[in-house]
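Predicted model only: the values in this text are computed from it and were never measured. Counting starts at 1 for both ligands and their atoms, following the listed order. Numbers here are sequence positions counted from 1.
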Amino acid sequence: MAVRIDGKALAAQVKARVRSEVGTLSRPPGLAVILVGDDPASAVYVRGKEADCAECGIRSFPHRLPADTPEETLLELVRQLNEDDAVDGILCQLPLPPHLDADLVIHTIRPDKDVDCFHPFNVGQMSIGRPAFLPCTPAGVMEMLRYYQIPTAGKRCVVLGRSNIVGKPMAMLLTQADGTVTLCHSRTPDMEALTREADILVSAVGRPGLVTAEMVKEGAAVIDVAMNRGPDGKLCGDVDFAAVEPKASYITPVPGGVGPMTRAMLMCNLLTAAKKHGA
Ligand code: NAP
C-alpha cells in the first residue's frame, strides 16, 4: 500500500518557514493580485492566495477589474505595479476574458516580479538551470519528492501533459534532477507502455480516470497534478486513486496533494523576490 503524500501538511511547513523568514526582513513582501471579471473559480483561487499571504506575513494588494476592462487599462495597471516598490510580485489570475491577450499581460510583468514564472525570460533562465523563480506547481512537486526522499537521479520519469505551466516545466525540473524523462501528450501512441516503465509518474492532463492501475508499475511514485470535477461533482485527479494506491509506493491524493504545495511555492517565490528587492 502506498504512502499517501500529505501535501497539506508539507505546505503548512513550507509556509511556516516563509513566515519566520519574512519576520527577519526590513519590510514585508508584497503581492499584487489582479482579477479581471467574475469567474467564480478564479475568485476562489485568488481568495486562497490572499489568505496564504496573510498567513505568511505578506501584504496583498487586490485589484479587482470588471470583465469588460480594456486591454490598455490592464497593461497600464501592470506597468504601474512594475514601478511600485511595495510590490515584489505581480499575479494576474488566468484565464482572462477572451478580449484580453494573456501573453501580452505576462510579457508586460517585469521578470523580477513574475512570481508565477510565466515570463519567457524566467522560462529561459529555468531551462538553462539558472532560475530566478520556479513555476509553482512543478516546484511544489519537486519539493514533495525531496521531502519524502523519493530519488530522481537515474530514475525513469514519465510526465503526462505538456502545457507551458505544468507539463513542460515539470519535465525540465525532473531532467535537471537527473531523471530520465519522457513527456507524453494527446498525440503519444501506446502511452500505457511508457507509463508502465515509470518509477515516477506525474499526471497533468485533466481527465478523471485516465491513469488506471494497469498503467502503473509496481512500486512507482504517482503524483496527480490534475484537479477535475468527477461525475459526482467532487474534486478528483487523473488517477484512479483506489485502484492505484495498493500498487504504488507513494501517491498524492486530490484534494490535499499538489494543490496546497502550488500555493505554498508562490509564497516562497515572493520571499525570494522581496529579498532580491532589498527587503
Ligand atoms: P492543459 O493546458 O489543458 O494541458 C493538458 C495536457 O494534457 C495537454 O498537453 C494535452 O495534450 C494533454 N492531454 C490531453 N489528453 C491527453 C491524453 N488522453 N493523454 C495524454 N495527454 C493528454 O492543462 P494544464 O493547465 O497543464 O492542467 C492540467 C491539469 O492540472 C488540469 O486538471 C488542471 O486543473 C490541473 N492543475 C492543477 C494545479 C495544481 O496546483 N494542482 C495547477 C495547474 C493545473 P496536447 O498538448 O497534445 O493537447
| query | Between P135, S163, C184, which one has a non-hydrogen atom sitting closest to atom 26 (O) of ligand 1? | reply | S163

| Lys/Arg-Asp/Glu bridge criterion (N-O < 4.0 Å) met for K113, E83 | no

| Got a donor-acceptor contact below 3.5 angstrom from the D88 side chain to the L270 backbone? | no

| query | Is there a donor-acceptor pair closer than 3.5 Å between any side-chain N or O of K155 and the backbone N or O of D199? | reply | no

| remark: So the atoms of ligand 1 within less than 4.0 Å of a heavy atom of N228 turn out to be 32 (O)

| task | Among all protein heavy atoms, pick out the one at the shortest distance from atom 32 (O) of ligand 1; state its residue, atom name and that distance to 0.1 Å. | result | M227 N, 3.1 Å

| Tell me: protein heavy atom nearest atom 18 (N) of ligand 1, and distance? | R207 NH1, 3.7 Å

| message | Taking 4.0 angstrom as the limit and counting only heavy atoms of T262, give me the atoms of ligand 1 inside it, by number and element. | response | 39 (C), 40 (O)

| said: For V36 versus P66, what's the shortest heavy-atom pair and its separation? | reply: CG1-O, 3.5 Å

| field | Side chain, backbone, both or neither: T137 near ligand 1, heavy atoms under 4.0 Å | value | side chain

| remark: V166 heavy atoms within 4.0 Å reach ligand 1 at atoms 26 (O), 43 (C), 44 (C)

| ligand 1 N/O within reach of L210 N/O, cut-off under 3.5 Å | no

| Per atom 14 (C) of ligand 1, closest listed option by heavy atom (V211, V205, L235) | V205

| said: Which option wins on minimum heavy-atom distance to atom 28 (C) of ligand 1: G237, G167, S186, A204? | reply: A204

| query | Should I165 and V254 be regarded as members of a common hydrophobic cluster, given that ILVMFWY residues are connected when their side-chain heavy atoms come within less than 4.5 Å of each other, either directly or indirectly? | reply | no

| task | For the pair R263 (side chain) and D52 (backbone), establish whether a donor and an acceptor sit closer than 3.5 Å, ignoring hydrogens and angles. | result | no

| task | Any atoms of ligand 1 less than 4.0 Å from a non-hydrogen atom of G259? List them with their elements. | result | 40 (O), 41 (N)

| remark: Nearest non-hydrogen protein atom to atom 46 (O) of ligand 1, with distance, is R162 NE, 2.7 Å

| said: Tell me whether G161 has any N or O atom under 3.5 angstrom from an N or O of ligand 1. | reply: no

| query | Counting only N and O atoms by type, is there a donor-acceptor contact under 3.5 Å from the side chain of D240 to the main-chain atoms of G209? | reply | no

| Is it the side chain (CB and beyond), the backbone, both or neither of M191 that lies under 4.0 Å from ligand 1, heavy atoms counted? | side chain

| Any idea which protein heavy atom is nearest atom 29 (C) of ligand 1, and the distance to it? | A226 CA, 3.8 Å

| said: Taking D38's backbone N and O only, do any of them form a donor-acceptor pair with S42's side chain (distance below 3.5 Å, no angle check)? | reply: no

| request: Let me see the working for M1 and E245 under side chain to side chain contact (heavy atoms under 4.5 Å, CB included), right down to the final yes or no. | output: CA-CA 6 Å; M1 191 62 96; E245 188 181 24; 3.6 Å; yes

| field | From T212, L201, V239, residue fulfilling side-chain contact (heavy atoms from CB on, under 4.5 Å) relative to V244 | value | V239

| query | What protein heavy atom is closest to atom 21 (N) of ligand 1, reported as residue, atom name and distance in Å? | reply | H185 C, 3.3 Å

| query | Looking at R79 and E76, does any basic side-chain N land under 4.0 Å from a carboxylate oxygen? | reply | yes

| query | Which protein non-hydrogen atom lies closest to atom 41 (N) of ligand 1, naming both residue and atom, and how far is it? | reply | V225 O, 3.1 Å

